[in-house]
**Student:** 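Before I ask anything, here is the structure I am working with.
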Amino acid sequence: LAQVQHQAEFGTQQRHTMPRLSVALWLSTANTLWASASAATAGSAIEAPSLAAAARAPAGPGLVAKWPFVVRPTGRHHKGAIMRSALRTSGLSNDEAELEFEFGKFANLEGLPRLFAAYSTVVVPLENYRNVAFHGEISVGTPGQQFSVIFDTGSANLWVPIEGADPSGHRSLFVPSKSSTYVPMQKAFVIQYVSGRVSGSFCTDDVAIASLRLRSFAFATVNDTTGLASIYRGASFDGILGLGFKGIARGDATPVMQALVETGQLAQPIFAFHLADSNLDSYESGELTIGGVDPQRYNGDFNFVPLAELTHWTVALEGVRLGDQAILQEPGLALMDSGTTLIMGPRRDVELLALGLNASVIQGYFAVRCNQSLPRLSFSIGGLDYSFAGEDLFTQRLGAWCLLAVQPTPYGKWIFGIAFLRKYYVQFDWGNRRIGFAVANTANTTDGKENVAANASLQSSGTQRKVLSWLALSTSVGFLFAL
């Protein structure tokens, strides 16, 4: 509280300044917090409405400090544009949004986050594993044990590994005995992904994603990952955090996103991915924004499309065209899957696409000559076309050949994975059951020709084995959606 008073009196000299708030407001709020904190130590609860009223009273005409305030995630620089955008789209005027933003910036002072933080927007850094998968950290248990998980829109359960799950010994394993809040459940857990299955048992414990926290949350500890052997042996993630809907959750478990919405922690019931483009030798990191979107990561406006089903994040696919040639025989479905590496399509459609590209089959995968001129590939969703220049669809170079990011799947729907999410910034709107599409702003993106030039020397037999190994892994991870 002394820090609050100091900031109020000398705010112009600090990094976080508050030009719109008077010293009187800060001192009044500080005194109220002190009194409420004293009451709390005597066994009385701090009531949010009384704090809100105290903050509102001295604000003056035209500036109403409404409850709840927005909190910046502690320990991570968070772009103010995200929170300003979230506040303004929540119905506040520009002045009110600016006031709440400036006031909320102080909520990362020690002792204040739980008093002021009702709604928040957090950014989770995502590590890029060889352009195959993006994964970020969560914390499980008390004290927290850190795990790197794939945030997967194709499934709805959270699981982390325990003893027996990782024969290689290089992963983080959850140790229940080290968590004071762990409670076992007498309930088996089995989930079948397209690539294989994992199994274990359910439990409850505290789970944290940045500053977001779910207490006594039901998730699975997994001791058998043999069904995902090809993925788990080659990749570097520990577990999977599903961002899908409850209709596909195993064990009737509440999905993480649903729990965050129901506990009122998010500024908006949405999340979005920024997945940077990279070449074979340089893997740029990504970000997952929960509770809002990052205006610096996309250009233009979103085109919103309602979900076609309330299980996976699936929308109606109205057409697929290669130049002037129609590829899609009839309207279908497209699943937006952050657990997928490539763009996967029904075999009949992809074979027709490959024919139009004059593609050849190399080691079971479609590839084209890197120097050939390719027509534009377009996917029609919500009345708009989402296009890829031919070079956008190159994944890796194998001598004079470039492997395509579009490969066949035996399933009847298209799966749009990282290859799609790198070019288009996708907003997953949980509250309105819709998906928003905008052009991604990837400052570090290089087009396909530059990628080919950068990898022109990768023609040795060892590199060929490496690339084919990469593609084999990518098609496996590309099936991390639950059946």
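What you see is a predicted model; the values in this text were computed from it and never measured.
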**Student:** Give, for atom NZ of Lys246 and atom CG of Leu310, the distance between the pair rounded to the nearest 0.5 Å.
**Tutor:** 14.5 Å

**Student:** Phe273 vs Phe428 aromatic rings, parallel, tilted or perpendicular, using cut-offs 30° and 60°?
**Tutor:** perpendicular

**Student:** On the ring face of Phe304, is Arg434 found with NZ or CZ under 6.0 Å from the centre and within 45° of the axis?
**Tutor:**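 Yes.
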
**Student:** What do you reckon, are the aromatic ring centroids of Phe189 and Phe219 less than 6.0 Å apart?
**Tutor:** no

**Student:** How long is the straight-line distance from OG1 of Thr263 back to CG of Leu212, given to the nearest 0.5 Å?
**Tutor:**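 Leu212 atom CG to Thr263 atom OG1 measures 8.0 Å (nearest 0.5 Å).
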
**Student:** Taking only residues two or more places apart in sequence, or in another chain, which ones meet Asp238 in a side-chain hydrogen bond (donor to acceptor under 3.5 Å, both in side chains)?
**Tutor:**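 Partners of Asp238 by the side-chain hydrogen bond (donor to acceptor under 3.5 Å, both in side chains) criterion come out as none, since no residue qualifies.
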
**Student:** If you draw a 6.0 Å radius around CG in Asp324, do more than 12 non-hydrogen atoms from other residues or ligands fall strictly inside?
**Tutor:**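 12 or below, so no.
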
**Student:** If you compare all heavy atoms of Val426 against all heavy atoms of Ile435, which two are closest, and at what distance to 0.1 Å?
**Tutor:** CG1-CG2, 3.3 Å

**Student:** Ignoring hydrogens, what is the shortest heavy-atom contact between Asn128 and Ser285? Give both atom names and the distance.
**Tutor:** CB-CA, 4.4 Å

**Student:** Does Val256 form a side chain to side chain contact (heavy atoms under 4.5 Å, CB included) with Val207? I'd like the steps, not just the answer.
**Tutor:** CA-CA 9 Å; Val256 168; Val207 175; 5.6 Å; no

**Student:** Is it true that a side-chain atom of Asp206 and a backbone atom of Ser216 form a donor plus acceptor pair closer than 3.5 Å?
**Tutor:** yes

**Student:** Atom CG in Leu403, atom CD in Gln363: separation rounded to 0.5 Å?
**Tutor:**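 Answer for the CG-CD pair, Leu403 versus Gln363, is 10.0 Å.
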
**Student:** Please work out which of the three classes, parallel, tilted or perpendicular, describes the rings of Phe388 and Phe420, given edges at 30° and 60°.
**Tutor:**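 Because their plane-to-plane angle lies in the 30° to 60° range, the rings of Phe420 and Phe388 count as tilted.
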
**Student:** Over all heavy atoms of both residues, which pair between Arg250 and Ile248 is shortest? Give the atoms and the distance, please.
**Tutor:**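 Heavy-atom minimum between the residues: NH1-O, 2.6 Å.
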
**Student:** Indicate the atoms forming the closest heavy-atom contact of Ile381 with Asn303, along with that distance.
**Tutor:** O-ND2, 3.6 Å

**Student:** Is any side-chain heavy atom of Val350 closer than 4.5 Å to a side-chain heavy atom of Gln407?
**Tutor:** no

**Student:** Could you state the interatomic distance from CD1 (Ile327) to CZ (Phe379), rounded to the nearest 0.5 Å?
**Tutor:** 9.5 Å

**Student:** Just do the side chain to side chain contact (heavy atoms under 4.5 Å, CB included) check on Gln265 and Leu214 with the steps written out, would you?
**Tutor:** CA-CA 10 Å; Gln265 299 186 56; Leu214 296 172; 3.7 Å; yes

**Student:** Without swapping roles, check the side chain of Tyr193 against the backbone of Gly227 for a donor-acceptor pair under 3.5 Å.
**Tutor:**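 Not confirmed, Tyr193 side chain does not pair with Gly227 backbone.
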
**Student:** Does some side-chain heavy atom of Leu352 sit less than 4.5 Å from a side-chain heavy atom of Arg348?
**Tutor:** no

**Student:** Could you tell me which non-hydrogen atom of Ala316 sits nearest to which non-hydrogen atom of Ala308, and how far apart they are?
**Tutor:**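 Ala316 and Ala308 have their closest heavy atoms at N-CB, 4.0 Å.
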
**Student:** Is there a side-chain contact between Trp414 and Val315 in this structure, where contact means two heavy atoms from C-beta onward sitting under 4.5 Å apart?
**Tutor:** no

**Student:** Would you check, one step at a time, whether the test side chain to side chain contact (heavy atoms under 4.5 Å, CB included) holds for Asp349 with Val320?
**Tutor:** CA-CA 9 Å; Asp349 294 337; Val320 180; over 6 Å; no

**Student:** If we check side chain to side chain donor-acceptor pair (under 3.5 Å) with Ser155, which of these qualifies: Thr153, Asp152, Asn157?
**Tutor:** Asp152

**Student:** Determine whether a donor-acceptor pair (N or O, by modelled atom type, separation under 3.5 Å) exists between the side chain of Arg433 and the backbone of Pro306.
**Tutor:** no

**Student:** Can we call the ring centroids of Trp313 and Phe271 under 6.0 Å apart?
**Tutor:**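 Yes - the distance between ring centres of Trp313 and Phe271 falls below the 6.0 Å cut-off.
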
**Student:** Say whether, by atom type as modelled, one donor and one acceptor occur between the side chain of Lys423 and the main chain of Ser387 under 3.5 angstrom.
**Tutor:** yes

**Student:** With Leu266, which of Val122, Thr121, Leu260 fulfils side chain to side chain contact (heavy atoms under 4.5 Å, CB included)?
**Tutor:** Leu260

**Student:** Considering non-hydrogen atoms only, spot the tightest contact between Arg376 and Ala389 and give its length.
**Tutor:** NH1-N, 3.8 Å

**Student:** Starting from the C-alpha separation in whole Å, work towards a yes-or-no answer on side-chain hydrogen bond (donor to acceptor under 3.5 Å, both in side chains) for Ser380 and Asp385.
**Tutor:** CA-CA 4 Å; Ser380 297; Asp385 286 345; 2.5 Å; yes

**Student:** Taking the side chain as every heavy atom from C-beta outward, state whether Ile290 and Ile209 have any atom pair closer than 4.5 Å.
**Tutor:**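 Ile290 vs Ile209: side chains touch.
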
**Student:** With side chain to side chain contact (heavy atoms under 4.5 Å, CB included) as the criterion, how do Leu398 and Ile362 come out once you've worked through the C-alpha distance, each side chain's angles and the decisive distance to 0.1 Å?
**Tutor:** CA-CA 9 Å; Leu398 189 60; Ile362 299 179; 3.9 Å; yes

**Student:** Hey, does Phe245 have a side-chain heavy atom less than 4.5 Å from the side chain of Glu309?
**Tutor:**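 SC-SC contact between Glu309 and Phe245 ruled out.
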
**Student:** Is there side-chain contact between Gln325 and Leu355, with heavy atoms separated by less than 4.5 Å?
**Tutor:**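 Contact flag for Gln325/Leu355 side chains = no.
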
**Student:** Side chains of His135 and Ser236: any donor to acceptor distance under 3.5 Å?
**Tutor:**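 Checked: Ser236/His135 side chains pair up, N/O donor to acceptor below 3.5 Å.
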
**Student:** Would you check if the side chain of Arg347 reaches a backbone N or O of Gly345 as a donor-acceptor pair within less than 3.5 Å?
**Tutor:**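 Here the side-chain-to-backbone pair does not exist.
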
**Student:** Would a 4.5 Å heavy-atom cut-off, applied to side chains only, mark Val368 and Phe394 as touching?
**Tutor:** yes

**Student:** Would you say Gln372's side chain and Leu357's backbone share a donor-acceptor pair under 3.5 angstrom?
**Tutor:** yes

**Student:** Do the non-hydrogen side-chain atoms of Thr314 and Leu307 ever get within less than 4.5 Å of each other?
**Tutor:** no

**Student:** Any chance you could measure Trp430, atom CH2, to Gln258, atom CD, to the nearest 0.5 Å?
**Tutor:**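 Reported to 0.5 Å precision, the distance equals 5.5 Å.
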
**Student:** Measuring from atom CZ of Phe151 to atom CG of Leu126, what distance do you get when rounded to the nearest 0.5 angstrom?
**Tutor:** 6.5 Å

**Student:** Before you tell me yes or no, could you show the steps for Tyr424 and Phe416 under ring pair (Phe, Tyr, Trp, His ring centres under 6.0 Å), namely the whole-Å CA-CA distance, both residues' side-chain angles and the distance that decides it to 0.1 Å?
**Tutor:** CA-CA 11 Å; Tyr424 294 100; Phe416 290 173; 9.5 Å; no

